[in-house]
J.: 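Okay, handing you the structure first.
So you know, we letter chains A, B, ... as the sequences are listed, proteins then strands, and number each from 1.
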Protein chains: 2
Amino acid sequence: MSAPTPRHTPETRSRILDAAEELFVEHGFEATSMRMITSQAGVNLAAINYHFGSKDALIQEVFRRRLTELNRQRLAMLDKLEADAGGAPLKPSRIVEAFFGTALVLAADTEHGGHTFMRLLGRTYTEPNAFVRQFLAEEYAEVLERFLGALYRSLPDVPREEILWRFHFMMGAMSYAIAGTDALQLFAGKFDDADPARLLPRLMSFLLGGLRAPLAEYAARPAGRRGRSAAA
Amino acid sequence: MSAPTPRHTPETRSRILDAAEELFVEHGFEATSMRMITSQAGVNLAAINYHFGSKDALIQEVFRRRLTELNRQRLAMLDKLEADAGGAPLKPSRIVEAFFGTALVLAADTEHGGHTFMRLLGRTYTEPNAFVRQFLAEEYAEVLERFLGALYRSLPDVPREEILWRFHFMMGAMSYAIAGTDALQLFAGKFDDADPARLLPRLMSFLLGGLRAPLAEYAARPAGRRGRSAAA
DNA sequence: GTCTATAAATCGATAGAC
DNA sequence: GTCTATCGATTTATAGAC
């Protein structure tokens, strides 16, 4: 008696979300019409507005459904790491693994839409849609605050500005990692080994190498003569 | 007498391309209507179809206009590096700099649309639009072949598979680097220093760190007990 | 080459019967 | 909660005058 609305809507709602998720990642938000969604989901056109109110609200729910759980897992893992460490700063590798590893585990799930969703999420970070960006920013506020804080404590000698940028770079690498081979025919036929199980160690190695890279490595060895060499 | 079509179209064409470039990166392809473009460009609606034939052809020309020149610069720089090396393998840092450095130089040009275009390009690698992907793949075929080949020779001990993936990761990091602070309000207010001049060394340091990261770094130190430890 | 006017299709959203 | 039918707005693209 505590649930007022959902009477016998066991599948319709989920089917709409699943169909929308697939079509959004395949065609984008704007290019995906509500008719395409209801057609693929096998439900009536009016069902979307009945269950979600509008197309924008549907888009939001597509993200909320999975993102809330993903970030819950991330925070739980960080909680455990910090509890085990007992006050000591965490190793950067653990922090990175807790944040990006959970995402890749979800991305490896090709049977329940996790892979589809993560591709959608990765692309949406740089999506031009204003209200989606706003929504994601709110959904990520806490988890970002926590993980960045952990990285700051873990790497006290690295300027926070630098950590922030490198975290940003890492998200870009992860996004492309998940988009993977089917993202662009650019690498078509070049990947002999696209085994999802190997993606995690591949990416993690790259991310940690980038995160730990010497700060002045590039600036200290400028390419050839390049103007005033006395600067900085 | 060699130019049949362009009689006195000195600005209209360019104005359309400039307006389209800005609107595409701001709203995406689908959400940008031809009326929005012609309105911002100050030209007539029919002008787009007259000059480009269709919206899709316009999109293609927006990319072709700048991408051809960018990849020409990349190849020229690689040619010079290889000529100077006289047969010896290049240093990975030089190769990475030739590919990603040129892109970031273009991205630093905020006055002539270079920054706008590079943001658009970075987002489009994972764009769902099929014909844009196809077009980009063709446009990148030669430059990718050359740079990947140079990296293979530069890092003969690293499996090509691994180099391929890391190059892919680097493109993701670059994409986010260019999308930068205004891409997502996720980091809003967190970046104190978003100086474009510092972005190149920042990114280059990260990329080289990732490219040179030990291959088995992560796999060799699995997190806790994780099933059959005898495998691999 | 540039314009107006409009064709033809598709969009999101809703009203109202069941 | 699901359906049909449709409204009103917007889209790309084009025809034809100038």
J.: Rounding to a whole Å, what distance do you find between B:Met34:CE and C:dT10:P?
T.: 17 Å

J.: Will you find, in the side chains of A:Ser205 and B:Arg166, an N or O donor that is under 3.5 Å from an N or O acceptor?
T.: yes

J.: Provide, to the nearest angstrom, the distance between the CD1 atom belonging to B:Ile59 and the C1' atom belonging to D:dT11.
T.: 14 Å

J.: Would you say B:Phe29 and A:Glu30 make side-chain contact, with heavy atoms under 4.5 Å?
T.: no

J.: So what does A:Thr38 touch, heavy atoms closer than 4.0 Å: a base, only the sugar-phosphate, or nothing?
T.: nothing

J.: Just how large is the angle between the end axes of the helix from C:dG1-D:dC18 to C:dC18-D:dG1, five pairs per end, to 10 degrees?
T.: 0°

J.: State whether A:Thr12 places a side-chain N or O below 4.0 Å from either non-bridging phosphate oxygen (OP1 or OP2) of D:dG1.
T.: no

J.: Do the ring planes of B:His168 and A:Tyr176 sit parallel (below 30°), tilted (30 to 60°) or perpendicular (above 60°)?
T.: tilted

J.: B:Ile48 CD1 to D:dT14 P: how many Å, rounded?
T.: 13 Å

J.: When the nearest nucleotide of DNA chain D is assigned to A:Arg35 and to A:Val43 on a heavy-atom basis, which residue is associated with the more 5' position?
T.: A:Val43

J.: Specify the residue among A:Ser33 and A:Ala46 whose closest nucleotide of DNA chain C lies further upstream toward the 5′ end.
T.: A:Ser33

J.: Report the distance from atom NE2 of A:His27 to atom C1' of C:dT10, rounded to the nearest whole Å.
T.: 15 Å

J.: Give one of base, sugar-phosphate or nothing for B:Leu45, where a contact means two heavy atoms less than 4.0 Å apart.
T.: base

J.: Taking atom P of D:dT11 as reference, at what distance in whole Å does atom CG of B:Asp56 sit?
T.: 16 Å

J.: Could you check how far CD1 of A:Ile16 sits from C1' of C:dA13, rounded to whole Å?
T.: 14 Å

J.: Nearest of D:dT2, D:dT4, C:dG12 to any side-chain atom of A:Lys55?
T.: C:dG12

J.: Please report the closest heavy-atom contact between B:Thr126 and A:Arg123, naming both atoms and the distance.
T.: O-CD, 2.6 Å

J.: Find the distance B:Tyr50:OH to D:dA17:P and express it as a whole number of Å.
T.: 17 Å

J.: Report yes if a side-chain nitrogen or oxygen of B:Asn44 is closer than 4.0 Å to either non-bridging phosphate oxygen (OP1 or OP2) of C:dG1; otherwise report no.
T.: no

J.: For residues 140-149 of chain A, tabulate all N or O donor-acceptor pairs below 3.5 Å that involve a side-chain atom, not counting sequence neighbours.
T.:
residue  : atom : partner  : partner atom : Å
A:Tyr140 : OH   : A:Arg74  : NH1          : 3.1
A:Tyr140 : OH   : A:Tyr125 : OH           : 2.4
A:Glu145 : OE1  : B:Lys190 : NZ           : 3.0
A:Arg146 : NH1  : A:Asp79  : OD1          : 3.3
A:Arg146 : NH2  : A:Asp79  : OD1          : 2.9
A:Arg146 : NH2  : A:Glu82  : OE1          : 3.1

J.: Using whole Å, what does the distance between atom P of nucleotide C:dG16 and atom CG of A:Asn49 come to?
T.: 16 Å

J.: Should B:Phe135 and B:Arg64 count as side-chain neighbours, where that means a heavy-atom distance under 4.5 Å?
T.: yes

J.: Which one of A:Leu104, A:Asp109, A:Leu106 satisfies the side chain to side chain contact (heavy atoms under 4.5 Å, CB included) criterion with A:Met118?
T.: A:Leu106

